[in-house]
Amino acid sequence: MLSGEVSVGGSKNAVLPCLAAALLTDEEVVLENVPGIRDVESMSEILHTFGCAIERTDNSVTISGTREVYPVDDALTSRLRASILILGPLLGRFGRVEIAHPGGDIIGKRPIDMHFDGLRGLGAHIEQTNSHYVVSAEKGLVGGEIFLEEASVTATENVMMAAVLAQGKTVIRNAASELHVVDLADLLISMGAKIEGAGTNRITIEGVSSLSGVKHRIRPDEIEAATLMIAAAVTGGSVVLKNTDPENMGIILTKLRHAGISFSTEHDRITVTAPHELVATNVHTNVWPAFPTDLVSPFTILMTQAAGMSLIHDWMYEGRFFYTDKLVTMGANIVMADPHRILVYGPSKLSAKNLESPDLRAGMTMVIAALIAEGTTTIEHVEHIERGYEKIDERLRSLGAQIERVE
Ligand code: EPZ
């Protein structure tokens, strides 16, 4: 049973575009509340290849001195999907960038043509060699009306970062409105960009000639906050989460309350208090402000402990549920209706197994399953989990979990 106080980290999906945005200026950018996660290290290494001086303190990163653009190191960009986010700033700043196809979680095809279509709308030219893309705008980018075929988070972020230095006005229609898109827009506006409408599906940007340095605090990670609430609830525990943003967590808190987690919120704190009467609750993902796909895996383990049958439908990723057979081997009652839909019947007792983490969110779900399983569970490839959850073993141990990281 977890109990005690724990601090939620800065948002992974906010800090990654904010790090990329530092490429838009050669002045100093200071990001605070930065989580100590592998994806931040990977993105920092990519920035370093562009001559940035990167200084890391406990939970802040200072980036300064982007002068030139060089061919990007493929080994780095293939490590993380968010590396695609350097496209927009480098194109906006230097007019040319060469990049290999990005890497990251294998949870589906995840096309990047959304990004290219958006950048073409600003006058960019994209050429594909056998393993790279060369994106250029010899005469500089010109603002335009961009209609994104999909409300893609990183495509919205890339187009926004390319448009801030383009000539004239850009309108992005069908833009993503996630909390991390808003955080990026707030950073860019503090750097001198002219952006309106972030957080809605229509964002307008008036190009400016240059951007200045800034100090910006990364927003709390709403997915990590919800994941820790679920861990507390399935262990029947009472936990206080600090450094959260309950006011903006919308549907996430609504769904967790419907699922029977008892909690209260106050300023930047969420207090989860036992007992929890977990009940089966259906979930269908969609772009924000609907239920976020990144919470589907932790929500699945919650439903294995809830009374009744729940349908979980994630239409966005065809690979999201491929790990649920591992939960079945532990004793969970899950039927995969198709790659996008599972039926979960609970509550079920789980027993320990030896597992492998296939991706970030499934890996964290396995950790939660292990917390309630009878016996000792071993989870391999925890590097996936460390991409997005800082020192998760230490923080769970501080809440009373018996967990240790072994080399
Ligand atoms: C971002 O990825 C996140 N990554 C992902 O988080 C997250 O799962 C995803 O947004 C969705 O919220 C970062 O922010 C670094 P997408 P991105 O293009 O931009 C389809 C994690 O676990 N789709 O927004 O690559 C789309 O084709 C990572 O933290 C539609 O079909 O994702 C793509 O396959 C994993 N129609 C998938 O959904 C739409 O209208 C994700 O979309 C919108 C999306």
Side-chain angles (χ1 to χ4, degrees), residues 9-21 35 37-40 42-43 46 77 79-88 101-118 147-161 172-185 201 218-219 221-227 250-252 283-300 313-323 339-340 357-365 384-390 392:
S11 164
K12 168 180 91 77
N13 290 342
V15 67
L16 295 174
C18 288
L19 282 165
I37 54 176
R38 285 175 184 262
D39 276 7
V40 167
S42 302
M43 186 60 103
I46 291 172
T77 52
R79 212 188 294 168
L80 110 127
R81 171 160 180 93
S83 61
I84 190 85
L85 287 165
I86 62 174
L87 255 188
H101 201 288
D105 276 340
I106 317 291
I107 45 176
K109 182 170 165 285
R110 307 179 76 188
I112 57 174
D113 33 22
M114 221 56 55
H115 298 250
F116 291 158
D117 294 348
F147 188 90
L148 292 177
E149 203 180 308
E150 292 174 1
S152 162
V153 169
T154 48
T156 301
E157 292 167 343
N158 245 334
V159 173
M160 195 158 63
M161 289 192 281
I172 307 174
R173 312 269 303 282
N174 195 26
S177 59
E178 271 70 3
L179 298 173
H180 24 289
V181 174
V182 177
D183 209 34
L184 172 64
N201 63 6
I218 299 295
R219 60 163 292 99
D221 193 315
E222 71 279 6
I223 303 299
E224 178 171 283
T227 305
I251 183 115
I252 294 175
V283 147
H284 301 270
T285 59
N286 211 326
V287 295
W288 192 258
F291 194 88
T293 175
D294 294 339
L295 201 49
V296 159
S297 297
F299 197 84
T300 301
H313 178 205
D314 185 349
W315 56 269
M316 297 175 90
Y317 289 113
E318 63 278 15
R320 176 68 75 193
F321 294 119
F322 281 173
Y323 75 97
H340 293 278
S357 160
D359 67 66
L360 166 63
R361 306 300 177 185
M364 189 57 214
T365 299
H384 289 298
I385 304 171
E386 292 167 337
R387 281 189 47 212
Y389 296 94
E390 178 177 5
I392 195 63

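Keep in mind that the numbers below use all heavy atoms, side chains included, and drop hydrogens, waters and symmetry copies. Every number for a ligand or one of its atoms is a count from 1 in the order of the listing. Bear in mind that the values here come from a model prediction, so they are computed numbers and not experimental data. For the single chain, residues carry numbers from 1 onward in sequence order.
Listed by number with element, the atoms of ligand 1 under 4.0 angstrom from any heavy atom of Asp294 are 5 (C), 6 (O), 7 (C), 8 (O), 21 (C), 22 (O), 28 (C), 29 (O), 35 (C). Close approach of ligand 1 to Arg361 (heavy-atom distance below 4.0 Å) involves ligand atoms 21 (C), 22 (O), 29 (O). Close approach to Trp315 involves these atoms of ligand 1, each under 4.0 Å from a residue heavy atom: 30 (C), 31 (O), 36 (N), 39 (C). Shown in contact with Thr293 at under 4.0 Å from a heavy atom are these atoms of ligand 1, numbered in order with element: 8 (O), 11 (C), 12 (O).
Contacts between Tyr317 and ligand 1 below 4.0 angstrom, taking non-hydrogen atoms only, involve the side chain exclusively. When non-hydrogen atoms are compared, ligand 1 lies under 4.0 Å from the side chain of Leu360 (C-beta onward) but not from its backbone. Residue-level proximity to ligand 1 for Lys12 is carried by the side chain, the only part with a heavy atom below 4.0 angstrom. Contacts with ligand 1 closer than 4.0 Å are made by no heavy atom of Asp359, backbone or side chain.
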Next on the checklist: Would Asn201 and Ser177 count as a side-chain contact (heavy atoms from CB on, under 4.5 Å) here? Give the steps.
Outcome noted: CA-CA 6 Å; Asn201 63 6; Ser177 59; 5.8 Å; no

Checklist entry - Could you go step by step and tell me if Lys12 and Asp294 meet the salt bridge (Lys or Arg N to Asp or Glu O under 4.0 Å) rule? => result CA-CA 12 Å; Lys12 168 180 91 77; Asp294 294 339; over 6 Å; no

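Considering backbone and side-chain atoms together, His180 places no N or O closer than 3.5 Å to any N or O of ligand 1. Between Val153 and ligand 1, at least one pair of N/O atoms sits closer than 3.5 Å. Remark: ligand 1 and Glu150 share an N or O pair separated by less than 3.5 Å (distance only, no angle test).
The OG atom of Ser297 sits 3.5 Å away from the OH atom of Tyr323 when rounded to the nearest 0.5 Å.
Put simply, part of Ala151 is less than 4.0 Å from ligand 1, judged by heavy atoms.
What you find for Leu85 and Asn158 is that their closest heavy atoms are O-OD1, 3.4 Å. Across Leu16 and Met43, no two heavy atoms sit closer than the pair O-CE, 3.6 Å. In plain terms, the two heavy atoms of Met161 and Pro17 that are nearest each other are SD-O, 3.8 Å.
Across Ile112, Val15, Val287, heavy-atom proximity to atom 43 (C) of ligand 1 is greatest for Val287.
Contact check for Pro289 versus Ile251: no side-chain heavy atoms found under the 4.5 Å cut-off. Side-chain atoms of Pro292 and Ile223, non-hydrogen and from C-beta on, do get closer than 4.5 Å to each other.
Of the residues listed (Thr300, Thr293, Asn286), the one engaging Asp314 in a side-chain hydrogen bond (donor to acceptor under 3.5 Å, both in side chains) is Thr293, and it is the only one.
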